[in-house]
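As C-alpha cells, the structure follows; a few thoughts come after it.
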Amino acid sequence: MKKEDFTYIRFKILSRKESDLELSKKILAVINELEKHNYEKKNVKYLGDQYFKNEITSNEIHTYLTKKQKDITVFSNETKDFNLFLTEEICGDEIYDCLWFSFNALIHSFPKIPDLKPLLNLLKSLFINFNGMYAYTEDEEILLVYFAQRSYDKILSQLPFEYIDFLPKPNFDPDNRFNIPSHFSINEINISQVPNGFWWINFLGKKQIENLNLDNTINDWYYTEVIDHEHTLYVLTDTFLNLDNKEHLLKLQNLIHQTHLITIQEKSIK
C-alpha cells in the first residue's frame, strides 16, 4: 500500500459538555491511558507550549483550559509529532466536547495497518475514559463523499443569483460513482439519535443502535464488541475503509441502505 492511497484520518470522541473541572479530569484520564498503553510512545508532555517534565495533573489542565481562549486546545507529546486536539462540536441543539487526534500521526508505519487488537484496546480505553457518547474515524475522502454535495447545494441556495458562478465547486463525487447518498452533517442532526455516517471504526450509543436496527446487520461488520450497557464498538473492515475497494464499498452501501440511515438522520432534525 502506498501512503497516497489514503487520505487524512482522525479519531474523534464526542462527550457531553461538562464544567472545565470535570473536563480536566477526563482529559487527564485519556493522557494516563496513552501512557499506560505506551502506544508508539505518544505520551503527552505539553499543554500548549508549556512542557512538563513530571506527570501532568488535572489542576494544571484545568488552569490551561481556563486561560485558553481559542477554539482549539492542543496537548502534545515530547517531540510534538503527535497532538491531541480539544474542540467543541455543535450537533443540532447540543454542544459536545470533542477530543481528536490524527491516525497518520499516531501510527508510526501509517498507512500500514498495525495489529488491530491493541489499537482497538487503546481506542476503547480512550473512549471510556473521556466518557464518550459517540466516536468514529473521520476520513477526509469519505467526508467529501458524504457531505460535500449537500453542503454545496445549501450554500448555493443562499447565494444571490449573480454570485452563483463565482462559488468554487468542491472536488466531490459529481457522477456519484460510489453510489452513496448525500448525508446530513453532524451539525444538523441529533447525534444522540443517529450517527453522521458509517466509518471504519464506530463507537455507537444504545439509541443510535436501536434507531438503525443495527442488531440485524451483524454480518455486515468485520468486528463488533459490546463496551458497556450503553455503547457498542463496530468495525466495518479489517483495514482502513477504502471506497476504491469493491468489497468495502459494497459493505458500506448495504449498511446505509439496510438501516435507512439518511431517513433516520432527517427524522432526527425534526
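- Using a 4.5 Å cut-off on side-chain heavy atoms (C-beta onward), Ile27 and Leu65 make contact.
- A donor-acceptor pair under 3.5 Å links the side-chain atoms of Gln265 to the main chain of Asn196, judged by distance alone.
- In Lys206, the NZ atom is not crowded: 12 or fewer heavy atoms of neighbouring residues, nucleotides or ligands sit closer than 6.0 Å.
- Around CD of Glu230, the count of heavy atoms belonging to other residues, nucleotides or ligands within 6.0 Å exceeds 12.
- Counting only distance, with no hydrogens or angles, the side chain of Asn104 and the backbone of Ile9 share a donor-acceptor pair below 3.5 Å.
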Exercise for the section: Check step by step if ring-ring contact (aromatic ring centres under 6.0 Å, His included) holds for Tyr64 and Phe75. Expected result: CA-CA 10 Å; Tyr64 177 51; Phe75 308 85; 5.8 Å; yes

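- Sorted by first and then second residue, the pairs that involve residues 119-135 and meet salt bridge (Lys or Arg N to Asp or Glu O under 4.0 Å), not counting sequence neighbours, are Lys124-Glu225.
- Here the two rings, on His231 and Tyr134, have centers that are 6.0 Å apart or farther.
- Of all non-hydrogen atoms in Glu18 and Lys26, the two that sit nearest each other are OE1-NZ, 2.9 Å.
- Between Phe240 and Phe103, the ring planes lie perpendicular to each other; the angle is over 60°, past the 30° to 60° tilted range.
- Side-chain contact check for Glu138 and Tyr8: no donor-acceptor pair (N or O, by modelled atom type) lies under 3.5 Å.
- Taking CG from Leu14 and SG from Cys98, the interatomic distance works out to 4.5 Å, rounded to the nearest 0.5 Å.
- Counting heavy atoms from C-beta on, the side chains of Leu261 and Leu212 come closer than 4.5 Å.
- Atom CG of Leu236 and atom CD1 of Ile201 lie 10.5 Å apart (nearest 0.5 Å).
- The closest side-chain donor-acceptor pair between Ser192 and Lys207, if any, does not fall under 3.5 angstrom.
- No donor-acceptor pair closer than 3.5 Å links the side chain of Trp100 to the backbone N or O of Ile13.
- Hydrophobic clustering (ILVMFWY, side-chain heavy atoms < 4.5 Å, transitive): Phe178 and Leu250 are in distinct clusters.
- Side-chain contact between Leu241 and His248 is present, with heavy atoms from C-beta onward closer than 4.5 Å.
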All N/O donor-acceptor pairs, side-chain side in residues 86-97, below 3.5 Å, sequence neighbours left out:
residue: Glu88; atom: OE2; partner: Lys17; partner atom: NZ; Å: 2.5
residue: Glu89; atom: OE1; partner: Lys12; partner atom: NZ; Å: 3.0
residue: Asp97; atom: OD1; partner: Lys17; partner atom: NZ; Å: 2.8

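- Between Val235 and Trp200 the shortest side-chain heavy-atom distance falls below 4.5 Å.
- Residues Thr63 and Lys67 meet the side-chain proximity criterion, which asks for heavy atoms closer than 4.5 Å.
- Between Phe184 and Ile269, the shortest heavy-atom distance links the atoms CD2-CD1, 3.5 Å.
- Atom CD1 of Ile186 and atom OH of Tyr146 lie 12.5 Å apart (nearest 0.5 Å).
- Linking ILVMFWY residues whenever their side-chain heavy atoms come closer than 4.5 Å, directly or via other members, leaves Tyr51 and Leu47 in distinct clusters.
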Exercise for the section: Go through the steps for Ile227 and Thr232 under the test side-chain contact (heavy atoms from CB on, under 4.5 Å), then give the verdict. Expected result: CA-CA 5 Å; Ile227 304 301; Thr232 301; 5.7 Å; no

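- When every heavy atom of Gln208 is checked against every heavy atom of Met133, the shortest pair comes out as OE1-O, 4.4 Å.
- Atom CG of Asn43 sits about 10.0 Å away from atom CD of Glu55, to the nearest 0.5 Å.
- Using a distance-only test at 3.5 Å, with no hydrogens or angles considered, a donor-acceptor pair links the side chain of Asn242 to the main chain of Asp244.
- Side-chain contact between Leu23 and Ile61: absent, with no pair of heavy atoms (C-beta onward) separated by less than 4.5 Å.
- For Phe52 and Tyr46, the ring centers are positioned 6.0 Å apart or more.
- Listed here is the closest heavy atom pair of Ser76 and Asn83: OG-OD1, 2.6 Å.
- Lys25 places no side-chain N or O within 3.5 Å of a backbone atom of Asp20 that could act as its donor or acceptor partner.
- The backbone N or O of Trp199 lies less than 3.5 Å from no partner atom in the side chain of Thr137, so there is not a single donor-acceptor pair.
- A side-chain donor-acceptor contact under 3.5 Å links Ser15 to the backbone of Asn131.
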Exercise for the section: Could you go through the side-chain contact (heavy atoms from CB on, under 4.5 Å) check for Asn213 and Thr259 one step at a time? Expected result: CA-CA 6 Å; Asn213 198 22; Thr259 60; over 6 Å; no

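- Partner of Asp81 under the side chain to side chain donor-acceptor pair (under 3.5 Å) criterion, out of Lys41, His108, Lys42: Lys42 alone.
- No donor-acceptor distance shorter than 3.5 angstrom exists from the side chain of Gln258 to the backbone of Leu214, with no hydrogens or angles considered.
- Using a 4.5 Å heavy-atom cutoff, the side chains of Asn77 and Val44 are not in contact.
- When all heavy atoms are compared, the tightest approach of Asn129 to Ser125 is ND2-O, 2.7 Å.
- Although no hydrogens or angles enter the test, the distance criterion places no donor-acceptor pair under 3.5 Å between the side chain of Glu33 and the main chain of Leu126.
- Separating the OG1 atom in Thr57 from the CG atom in Leu28 is a distance of 7.5 Å, to the nearest 0.5 Å.
- Within the 6.0 Å centre-distance limit, the rings of Phe101 and Phe82 are counted as a close aromatic pair.
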Exercise for the section: Take Arg10 and Glu140, measure what salt bridge (Lys or Arg N to Asp or Glu O under 4.0 Å) needs, and give me the verdict at the end. Expected result: CA-CA 9 Å; Arg10 54 194 153 245; Glu140 287 286 345; 2.7 Å; yes

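- Both Tyr223 and Ile209 are members of a single hydrophobic cluster when ILVMFWY side chains are connected at heavy-atom separations under 4.5 Å.
- A distance of 7.5 Å separates OG in Ser182 from CD1 in Ile262, rounded to the nearest 0.5 Å.
- In this structure, Phe198 has its ring center no closer than 6.0 Å to that of Tyr234.
- Within the 3.5 Å criterion, the main-chain N or O of Ser185 finds a donor-acceptor partner in the side chain of Glu188.
- Residues Gln253 and Asn179 approach most closely at NE2-CB, 3.5 Å, considering heavy atoms.
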Problem - Test log, rule side-chain contact (heavy atoms from CB on, under 4.5 Å), inputs Leu106 and Leu119 - result: CA-CA 10 Å; Leu106 178 71; Leu119 177 62; 4.2 Å; yes

Problem - Worked check of side-chain contact (heavy atoms from CB on, under 4.5 Å) between Asn121 and His37 - result: CA-CA 9 Å; Asn121 285 338; His37 287 258; 4.3 Å; yes

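- Looking only at side-chain heavy atoms (C-beta outward), Leu255 and Trp221 come within less than 4.5 Å of each other.
- Around atom CG of Asp49, no more than 12 heavy atoms belonging to other residues, nucleotides or ligands sit under 6.0 Å away.
- Side chains of Asn211 and Gln193: a donor-acceptor N/O pair is present below 3.5 angstrom, by distance only.
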